[in-house]
Amino acid sequence: MATHCTDYDFLQIEPHWQTFWADNRLFAAGPDRSKPKYYTLDMFPYPSGAGLHLGHCENYAITDIMARYKRARGFNVLYPIGWDAFGLPTENYAVKTGRAPADVTRENIATFTRQLKTIGVSYDFSREVNTTDPAYFRWTQWIWLQLFKRGLAYVEDKPVWWCPALGTVLANEEVIDGKSEVGGHPVERRPLRQWVLRITAYADRLLDGLQGLDWPDSTKRMQAAWIGRSEGSDVEFDLESLPGQRLRVFTTRVDTIYGATYMVIAPEHALAEALTTPEQCAAVQAYVKTAASKSDLERTELAKEKTGVFTGSHAINPATGQRIPVWVADYVLASYGTGAIMAVPAHDERDYEFAQKFNLPCPQVIAPADGTPVELPYCDKGEAVRLVNSGECTGLTPAEAKTRLDARFAAEQRGRSTVQFKLRDWLFSRQRYWGEPFPIVWVDETDYRKAAAAGTLPLPAEPVTCVIDGQTRFALPLPESALPLELPDAPGYQPTGTGESPLAILTDWLEIWFDPATGAAVSATESKPGDRWVRGRRETNTMPQWAGSCWYYLRYTDPSNAEAVASPEALRYWGVPDIYVGGAEHAVLHLLYARFWHKVLFDLGVVPTDEPFPKLFHQGIILGEDGEKMSKSRGNVANPDDIINRYGADTLRLYLMFLGPLEAMKPWNSRGIEGVHRFLHKVWRECLDAEGKPNPKLSDHHTDSDELLRGLHETIRKVGDDIDNLRYNTAISQMMIFVNALQKEPQVNRSTMTSFLQVLAPFAPHMCEELWARLGRSGSVMLAPWPQYDAARLQTNQAKLVFQVNGKHRGDQLLPVDITQEDAVKAAADNPKVAAQLEGKTIRRVIFVPGKILNLVVG
RNA sequence: GCCCAGGUGGUGGAAUUGGUAGACACGCAGGUCUCAGAAGCCUGUGCCUCACAGCGUGCGGGUUCGAGUCCCGCCUUGGGCACCA
């Protein structure tokens with residue numbers, strides 16, 4: 001079944017075995033539930049027109065080697081692939097060319113698939129999923145409906161990037177330095193109706209869940225920082241000019257309240273206008289207007305110098321009873337906490353800087369317990385500091401003061417201990433065509449009540465409403481049975497020019513008669529089909545690309561199930577990925593969003609566990625030869641197709657894995673690849689002679705030396721360990737060491753060679769299949785059980801003992817491992833170099849680590 | 001500014017719990033084979049030195065019989081966050 005080439009002709013060998021694997025369906029995840037399962041997953045690729053790059057190859061080689069190894073170890077392996085195919089690049093291309101996004105997507109997927117097959121990745125292509133397939137996004141919509149039903153989705157006007165010149169809304173990543181990425185046109189913020197998901201309701205669980213995950217620490221830390229849990233207190237300050245109203249602040253340092261000498265509200269704060277006195281009106285209005293016209297980016301970038309305006313009003317510090325001024329300043333963010341702060345300049349850097357600029361008082365209320373004078377601002381807290389000048393709290397530690405003040409303000413009904421998060425709710429809509437449509441119809445209140453009364457729809461406890469053309473509309477979901485809601489055809493896919501999605505001009509699709517019981521719809525231009533039908537307008541937003549990638553790993557367990565996301569049985573057996581490999585660029589968003597959806601599905605009883613990715617690994621970025629990030633403009637891109645044509649996929653895979661630690665960022669080196677290519681040639685020559693027949697040095701009867709067998713067993717052991725621990729580079733180095741030893745042997749037992757081929761096979765699968773067959777082994781090397789190493793073979797009775805004198809290496813000698821210290825010292829003393837160092841000196845101390853080192857301390 | 005991870009030959013990198021620094025490979029040099037070349041094979045290759053010795057894991061200190069590894073201070077590269085009260 002092997003090819004007949006005499007040389008290592010990888011261009012012939014590789015396609016041959018790729019066809020063999022596909023024809024024999026060797027990589028399909030099996031139905032046998034008695035076997036232990038292993039689920040390995042790559043991050044969901046976007047099938048771009050540019051095709052596969054080296055980063056993909058690195059990612060997929062890592063998981064492919066793992067998958068092949070685990071199969072050989074007897075696991076039932078699930079190793080799937082699919083396509084995260086909705087999204088902007090395809091839509092932009094469609095707009096430009098007028099071609100249907102679905103057609104473009106299909107072509108891109110075909111290209112990707114072809115390329116994947118040329119690198120020999122052992123995916124189970126029978127489980128391929130595609131987020132743009134209605135049979136798939138039916139369940140994306142279904143999950144979204146569950147979120148909707150549980151009150152986790154709502155609608156809000158939110159500012160988005162709008163480009164007047166392009167007549168369209170842009171994503172954050174399409175805006176660069178305040179200009180559109182395409183064309184460099186100016187962009188502005190414009191409020192548009194958006195769907196928002198209440199991810200903040202899961203903030204605590206998302207944070208706590210991180211603890212048990214086997215993820216890179218840096219990624220866990222990044223997510224924790226993104227969630228940004230912060231414990232503090234809410235306190236309400238009375239307002240002198242607005243009796244009965246209070247200004248609420250959030251502070252993590254309520255213990256410093258005796259030092260709060262002014263307050264600051266964000267320019268967007270609801271009380272900004274009410275608090276402004278007539279004399280200050282012009283100044284405040286001007287300030288608020290300037291702040292509003294700045295983008296978030298400008299506001300933070302220009303943040304070097306603090307700015308602000310006095311409102312003219314005062315609040316009362318509830319601790320001291322003093323009147324303190326209320327300012328407006330944009331260093332306070334409307335979106336965090338309550339949008340207002342109590343400023344304690346003596347103990348907060350930002351407040352200090354502001355107070356210095358505007359000449360506000362800075363009384364110190366925290367001091368080191370030992371009375372050391374300190375410079376302001378002084379931000380220490382903890383056991384070593386005490387409150388000073390703080391009335392009843394003077395002398396307490398900050399922690400004690402917090403307890404006391406929280407209790408006092410709670411009793412006064414003006415405060416409490418509380419927790420804030422940096423995490424914001426998730427803006428979950430795009431004004432775009434190429435995404436999942438929301439299964440929502442906007443209706444008036446009467447129709448909503450009528451439809452709700454039927455009791456069959458997935459409705460939230462509180463209706464979701466919005467105002468369209470001055471009228472309040474209610475969000476009526478499609479019944480689950482009516483899913484999927486497919487995308488209508490849109491001529492040209494052009495932007496509408498109003499900021500709404502291209503769907504908003506497809507009147508027949510948009511304005512409908514709708515049957516809430518069945519989800520059926522007809523154009524509103526037709527006559528009302530029946531009594532229970534209601535007049536509605538479809539939701540025109542579509543879901544962001546994150547939607548489809550939030551749950552795809554579940555679909556792989558049962559990809560064609562028409563009744564559910566996946567069957568409970570499949571979800572129980574396959575569970576979640578045992579290892580998830582992808583780039584660190586998704587450390588926060590994708591991984592956080594998917595965790596959120598998974599927890600909701602867990603609460604719904606759909607999935608049996610509450611975390612989707614127990615083990616995560618990030619492969620490092622492959623840089624160009626110049627050590628810079630690969631990019632077309634730099635001209636430092638190495639193309640996988642070229643490399644495969646020149647060296648073969650096995651060489652490419654092996655070299656990518658040999659380059660360095662998998663997680664490290666490392667530069668490509670086109671000369672270095674020669675090394676692993678030579679290594680594969682060497683393996684070939686050790687197996688076959690010049691005619692392509694088995695090398696005469698291989699025999700079935702030869703007894704290999706203990707040393708060679710120790711090398712073989714050490715290699716089996718190390719390669720297995722290193723694969724388990726994702727240290728492929730040292731596994732390869734061990735295989736090179738073994739082949740170098742093999743090469744020096746005049747005769748080698750054939751089974752030694754075939755055992756070695758088995759451990760090499762996950763890395764260089766095509767060549768190992770070929771050699772396995774040519775050495776007379778039957779079937780696929782992939783089906784042979786992983787060789788066992790014999791621990792007894794690894795032992796030696798001699799080991800090199802290193803001699804040191806005063807910690808310096810002075811020689812070594814092969815000695816029995818169980819040598820006594822006394823004999824070891826004798827052996828050392830016989831060593832001429834050691835003897836020279838001992839000359840005329842006394843041995844003061846002997847450090848003996850058996851089998852390793854003998855250090856003689858002399859003086 | 002804050003948090004994190006790195007810094008080892010000409011190059012990529014290796015080094016259980018502190019125990020031979022530089023495995024493996026690239027490159028380079030010499031040799032062998034060849035009419036010649038390619039490929040292969042052999043030898044060498046941290047620095048300094050003819051050699052002995054000495055010096056060497058970003059820099060400066062420290063702990064230790066012994067430090068790439070542990071501790072303190074600094075420099076530097078990369079990543080993340082960035083007025084989050």
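From a predicted model like this one, the values you see are computed outputs, not experimental measurements. In what follows, every chain begins at residue 1, and chains take the letters A, B, ... in the order their sequences are listed.
- The residue from F658(A), Y655(A), Y728(A) that alone fulfils the ring pair (Phe, Tyr, Trp, His ring centres under 6.0 Å) condition with F763(A) is Y728(A).
- For the pair K306(A) and Y331(A), the distance from NZ or CZ to the six-membered ring centre is under 6.0 Å and the angle to the ring normal is within 45 degrees.
- Every residue meeting the side-chain contact (heavy atoms from CB on, under 4.5 Å) condition with A399(A), not counting sequence neighbours, appears here in chain and number order: T397(A).
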Which nucleotides of nucleotides 12-17 of chain B have their base under 4.0 Å from a protein heavy atom (B), which only their sugar-phosphate (S), and which neither (-), written as one string 5' to 3'?
BSS--B
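- Pairs passing the salt bridge (charged side-chain N to carboxylate O under 4.0 Å, His left out) check and including a residue from residues 653-663 of chain A, sequence neighbours excluded, read D64(A)-R653(A).
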Got a list of protein N/O to nucleotides 56-58 of chain B N/O distances below 3.5 Å?
none

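- In this view, E375(A) satisfies the side-chain contact (heavy atoms from CB on, under 4.5 Å) rule with no residue, not counting sequence neighbours.
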Could you write out RNA chain B as a dot-bracket string, with dots for unpaired bases, | for bases paired across to another strand, and Watson-Crick or G-U pairs counted at under 3.5 Å?
(((((((..(((......[....)))((((((.......))))))((......))..(((((..]....))))))))))))....
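- Residue pairs meeting the side-chain hydrogen bond (donor to acceptor under 3.5 Å, both in side chains) criterion with at least one partner in residues 804-814 of chain A, sequence neighbours excluded, are absent.
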Indicate every side-chain donor-acceptor pair of residues 682-692 of chain A with a distance under 3.5 Å to a residue at least two apart or in another chain.
unit_1: K682(A); atom_1: NZ; unit_2: N740(A); atom_2: OD1; d: 2.9
unit_1: W684(A); atom_1: NE1; unit_2: T6(A); atom_2: O; d: 3.4
unit_1: E686(A); atom_1: OE1; unit_2: K697(A); atom_2: NZ; d: 2.6
unit_1: D689(A); atom_1: OD1; unit_2: E691(A); atom_2: N; d: 2.9
unit_1: D689(A); atom_1: OD1; unit_2: G692(A); atom_2: N; d: 3.0
unit_1: D689(A); atom_1: OD1; unit_2: K693(A); atom_2: N; d: 2.8

Expected rows: protein N/O vs nucleotides 30-40 of chain B N/O, under 3.5 Å:
unit_1: G40(B); atom_1: O3'; unit_2: R685(A); atom_2: NH2; d: 3.3

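- Under the side-chain contact (heavy atoms from CB on, under 4.5 Å) criterion, D818(A) pairs with P816(A), not counting sequence neighbours.
- Residue pairs meeting the salt bridge (charged side-chain N to carboxylate O under 4.0 Å, His left out) criterion with at least one member in residues 725-735 of chain A, sequence neighbours excluded: D722(A)-R727(A).
- Remark: R845(A) pairs with I847(A), V857(A) by the side-chain contact (heavy atoms from CB on, under 4.5 Å) rule, at least two apart or across chains.
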